[in-house]
Amino acid sequence: QVQLAESGGGLVQAGASLRLSCAASGRSFSTHAMAWFRQAPGKDLEFVAYIDWNGILTTYTDSVKGRFTISRDNAKNAVYLQMNSLKPEDTAVYSCAARRVNYYTSAPDDYRYWGQGTQVTVSS
């Protein structure tokens with residue numbers, strides 16, 4: 001079992017940067033693929049980024065490519081989302097998620113473990 005806790009959200013102006021962290025408990029973190037999702041008010045949950053067990057494969061939704069970077073540190077049981085050049089449309093609750101199977105999927109239902117989320121608000 002994996003428990004996840006996000007941190008690092010906040011209120012920033014457009015163009016600023018934030019780094020989200022997701023701390024995982026459990027000894028099997030290194031054998032879980034990880035992803036970040038976000039949900040804006042009144043909108044569906046949206047896939048943001050994915051990283052495989054070893055951090056070799058990363059995938060991003062088109063709207064964040066070139067601005068966001070997902071990474072992980074298996075020694076620290078943590079995954080990160082570096083967000084640069086933030087835009088007002090990036091405003092959402094960001095959640096990290098984990099799945100045991102090591103192949104890419106952007107479907108929320110394929111992820112078994114979820115954190116509570118952290119709010120990111122970008123003002124114009």
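Residues: numbered from 1 along the sequence shown. These figures come from a predicted structure and were not determined experimentally.
Remark: the backbone N or O of A75 is paired with a side-chain donor or acceptor of D73 at under 3.5 angstrom. Remark: side-chain polar atoms of N77 are not paired, donor with acceptor, to backbone N or O of F29 under 3.5 angstrom.
R99 has its side chain out of reach of M34: every pair of non-hydrogen atoms, C-beta onward, lies at least 4.5 Å apart. Q82 places none of its side-chain heavy atoms less than 4.5 Å from the side chain of S71. Two residues are said to be in side-chain contact when any heavy atoms from C-beta on lie closer than 4.5 Å; L86 and F68 meet this criterion. By the 4.5 Å heavy-atom criterion applied to side chains, Y80 and R72 are not counted as neighbours. Using a 4.5 Å heavy-atom cutoff, the side chains of C22 and W36 are in contact.
L4 approaches A24 most closely through the heavy-atom pair CD2-CB, 3.6 Å. Here the closest non-hydrogen pair linking Y94 and M83 is CE2-SD, 3.9 Å. The nearest pair of heavy atoms linking E46 to S63 is OE2-OG, 4.1 Å. The two residues V101 and A33 have their closest heavy-atom pair at O-CB, 3.8 Å. Between F37 and F47, the shortest heavy-atom distance links the atoms CD2-CA, 3.4 Å. The minimum heavy-atom distance linking A92 with A40 is given by the pair CB-N, 3.7 Å.
Transitive grouping of hydrophobic side chains (ILVMFWY, heavy atoms separated by less than 4.5 Å) brings V122 and Y60 into a common cluster. V93 and W114 are not part of a single hydrophobic cluster, where members link through side-chain heavy atoms under 4.5 Å apart. Note on Y111 and V79: separate hydrophobic clusters, where clusters join Ile, Leu, Val, Met, Phe, Trp and Tyr whose side-chain heavy atoms are under 4.5 Å apart, directly or indirectly.
Between the side chains of N74 and S30, no donor N or O sits under 3.5 Å from an acceptor N or O.
For the atom pair CD1 of I70 and OH of Y50, the computed distance is 9.5 Å after rounding to the nearest 0.5 Å. A distance of 13.5 Å separates OG in S124 from NZ in K87, rounded to the nearest 0.5 Å. R19 CZ to L81 CG: the interatomic distance, rounded to the nearest 0.5 Å, is 10.0 Å. Atoms CG and CG, on L11 and L18 in that order, are 9.0 Å from each other to the nearest 0.5 Å.
Remark: of the listed residues D90, T118, T91, T61, D90 is the sole one forming a side-chain hydrogen bond (donor to acceptor under 3.5 Å, both in side chains) with R38. Each of L20, T59, V64 was evaluated against V48; a single residue qualifies, V64, per the side chain to side chain contact (heavy atoms under 4.5 Å, CB included) test.
The number of heavy atoms from other shown groups lying within 6.0 Å of CD (Q119) is above 12. Residue R100 places its CZ atom among more than 12 non-hydrogen atoms of other residues, nucleotides or ligands, all under 6.0 Å distant.
Here E6 pairs with nothing under the side chain to side chain donor-acceptor pair (under 3.5 Å) rule; sequence neighbours left out.
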Report task. List the steps and the verdict of side-chain contact (heavy atoms from CB on, under 4.5 Å) for I51 and L57. Result -> CA-CA 6 Å; I51 190 166; L57 173 65; over 6 Å; no

Report task. Decide side-chain contact (heavy atoms from CB on, under 4.5 Å) for V2 and S28; before the verdict, give the C-alpha distance in whole Å, the side-chain angles of both, and the deciding distance to 0.1 Å. Result -> CA-CA 7 Å; V2 176; S28 60; 4.0 Å; yes

